[in-house]
2 protein chains.
Amino acid sequence: MGSHWEDSLRSHGHRLTPQRRAVLRVLCDAGGHCTLAEIQERLRNRFPEIPLPTVYRNLRCLVDAGLAAQTDLGSGAHVYEFVADKHHHHLVCLRCQHVIDLPDAFLDPLRETLKQQFHFVPCMEHFALFGICPSCSGEPRPAEKGTA
Amino acid sequence: MGSHWEDSLRSHGHRLTPQRRAVLRVLCDAGGHCTLAEIQERLRNRFPEIPLPTVYRNLRCLVDAGLAAQTDLGSGAHVYEFVADKHHHHLVCLRCQHVIDLPDAFLDPLRETLKQQFHFVPCMEHFALFGICPSCSGEPRPAEKGTA
DNA sequence: TTGGATGCAAAGATTTTGCAGTTTT
DNA sequence: AAAACTGCAAAATCTTTGCATCCAA
């Protein structure tokens with residue numbers, strides 16, 4: 001049935017497999033940052049021997065579908081995070097006033113940098129960034145495959 | 001003599017070697033992002049066969065001394081950038097009003113993410129972030145909560 | 001049926017460390 | 001002289017791809 005995330009996956013040409021559902025579930029339940037290996041570990045209940053490449057490829061699909069965000073916090077391995085569309089910020093175009101939603105997870109690298117380098121804990125609850133949107137900059141839209 | 005960057009290095013326990021000066025020079029002249037391999041390449045004039053580990057360790061020293069910033073733009077390899085103290089932003093403490101300078105380079109990962117994921121080109125000339133500074137976060141004061 | 005997904009295996013790419021000899025301070 | 005750095009070599013990590021088989025749509 002058309003859950004929001006199911007539609008997101010399908011509209012990007014991805015299928016719904018048990019492994020993929022499980023990865024998303026794990027990411028969602030974790031509620032924070034997870035490395036590839038951590039996700040694999042948390043998956044052991046349902047898929048005791050799931051290979052890392054499978055987790056890896058599923059994460060790519062989730063990121064592609066906008067359900068997960070991949071970032072580098074300087075720990076040597078990338079971390080993944082569930083992208084809920086609850087908390088979000090705004091990218092405001094200076095020319096056409098168009099507003100793009102920016103999921104909160106995309107601010108994590110900056111958060112982490114400030115914490116590690118400056119020991120500064122930013123409050124970024126209400127965040128707005130101004131700039132030029134894709135339409136106004138004349139740049140080609142990002143390649144969206146399978147979009148009706 | 002005592003250039004600002006020389007002091008920065010020495011005060012962090014690092015020494016000034018020809019290779020280190022050259023790495024900093026390259027990074028400075030490049031004026032943008034460089035991977036480890038790119039820096040090695042640009043170093044070929046003065047050090048035709050400089051090993052990657054040497055470049056790597058020098059970069060770590062420069063980052064440690066605050067002269068360079070390391071970031072991950074999603075290309076698979078980290079990129080390094082000279083940190084000039086000309087353009088900078090402000091981290092403002094919500095409790096004590098203390099202001100910390102944030103070199104512009106630290107916003108690069110966010111810039112790149114917005115460009116790649118949203119095709120949005122942010123204008124972050126005058127940037128201020130509010131939060132809690134290290135001094136204040138060490139002394140938690142429940143009575144006064146930072147209001148965003 | 002068709003194209004994507006899984007699992008297994010291996011390769012790629014990048015980062016990181018060890019160590020002996022050398023250089024800066 | 002002491003501590004840090006270089007250069008060479010190799011290892012440790014993490015990411016990515018190939019391919020035969022299997023499954024979702």
Next on the checklist: Rounding to an integer number of Å, can you tell me how far B:Glu6 CD sits from C:dT24 P?
Outcome noted: 14 Å

Item to check | A:Arg20 backbone acceptor or donor facing A:Thr17 side chain under 3.5 Å | outcome: yes

Checklist entry - Taking only residues two or more places apart in sequence, or in another chain, which ones meet B:Ala30 in a side-chain contact (heavy atoms from CB on, under 4.5 Å)? => result B:Cys34, B:Arg42

Checklist entry - Rounded to the nearest Å, what distance is computed from the NE2 atom of residue B:His12 to the C1' atom of nucleotide C:dT25? => result 18 Å

Item to check | Residues within residues 47-54 of chain B bordering DNA chain D, heavy-atom distance below 4.0 Å | outcome: B:Glu49, B:Ile50, B:Pro51, B:Pro53, B:Thr54

Checklist entry - Out of C:dA5, C:dT15, D:dT15, which nucleotide sits closest to the side chain of B:Ala77? => result C:dT15

Item to check | Separation of B:Phe82 CZ from B:Leu67 CG (nearest 0.5 Å) | outcome: 6.5 Å

Checklist entry - Under 3.5 Å, is there a donor-acceptor pair between the side chain of A:Ser3 and the main chain of A:Trp5? => result no

Next on the checklist: With a 4.0 Å cutoff (strictly under), does any side-chain N or O of A:Arg60 reach OP1 or OP2 of D:dT15?
Outcome noted: no

Checklist entry - B:Arg57 near the nucleic acid: base, sugar-phosphate alone, or nothing, with a heavy-atom cut-off under 4.0 Å? => result base

Checklist entry - Tell me, for nucleotides 20-25 of chain D in 5' to 3' order, what letter each nucleotide earns: B for a base near a protein heavy atom under 4.0 Å, S for only sugar-phosphate near one, - for neither? => result ----BS

Checklist outcome for this item: Taken to the nearest whole Å, NE2/A:His78 to C1'/D:dT15 is 9 Å

Item to check | Donor-acceptor contact present, side-chain B:Asn58 to main-chain B:Thr54, <3.5 Å | outcome: yes

Next on the checklist: Looking at B:Glu41 and B:Glu38, would you say the former's side chain and the latter's main chain have a donor-acceptor pair under 3.5 Å?
Outcome noted: no

Next on the checklist: Applying a strict under-4.5 Å side-chain criterion to I, L, V, M, F, W and Y, I'd like to know whether A:Phe106 and B:Leu107 cluster together.
Outcome noted: yes

Next on the checklist: To the closest 0.5 Å, what do you measure between CG (A:Leu91) and CZ (A:Phe127)?
Outcome noted: 9.5 Å

Next on the checklist: I need the CG-P distance between A:Leu59 and D:dT16, as an integer number of Å.
Outcome noted: 11 Å

Item to check | Main-chain N/O of A:Ile50 paired to A:Gln40 side chain as donor or acceptor, under 3.5 Å | outcome: yes

Checklist entry - Which residues, if any, of residues 25-44 of chain B bring a heavy atom under 4.0 Å of DNA chain D? => result none

Checklist outcome for this item: For DNA chain C, the expected dot-bracket line (Watson-Crick or G-U under 3.5 Å, [ ] crossing, | inter-strand) is |||||||||||||||||||||||||

Checklist entry - With respect to the phosphate group of D:dT15, does any side-chain polar atom (N or O) of A:Tyr56 fall under 4.0 Å of OP1 or OP2? => result no

Checklist outcome for this item: Rounded to whole Å, CD of B:Gln19 lies from C1' of D:dT6 at a distance of 6 Å

Checklist entry - Within this structure, what is the CZ-to-P distance between B:Arg46 and D:dG7, rounded to whole angstrom? => result 13 Å

Next on the checklist: Between the side chains of A:Arg60 and A:Asp64, is the shortest nitrogen-to-carboxylate-oxygen separation below 4.0 Å, so that they form an ion pair?
Outcome noted: no

Checklist outcome for this item: Besides B:Val79, the hydrophobic cluster formed by Ile, Leu, Val, Met, Phe, Trp and Tyr side chains linked at under 4.5 Å, directly or via other members, contains B:Leu73

Checklist entry - A:Leu16 and A:Leu27: same hydrophobic cluster, using ILVMFWY side-chain contacts below 4.5 Å? => result yes

Checklist entry - Would you call A:Asp104 and A:Arg111 a salt bridge, taking side-chain N to carboxylate O under 4.0 Å as the test? => result yes

Next on the checklist: Taking A:Glu6 first and then A:Arg15, would you say they form a salt bridge - that is, a charged N and a carboxylate O separated by under 4.0 Å?
Outcome noted: no

Checklist entry - In whole angstroms, how far is the C1' atom of D:dT15 from the CG atom of A:Asn58? => result 16 Å

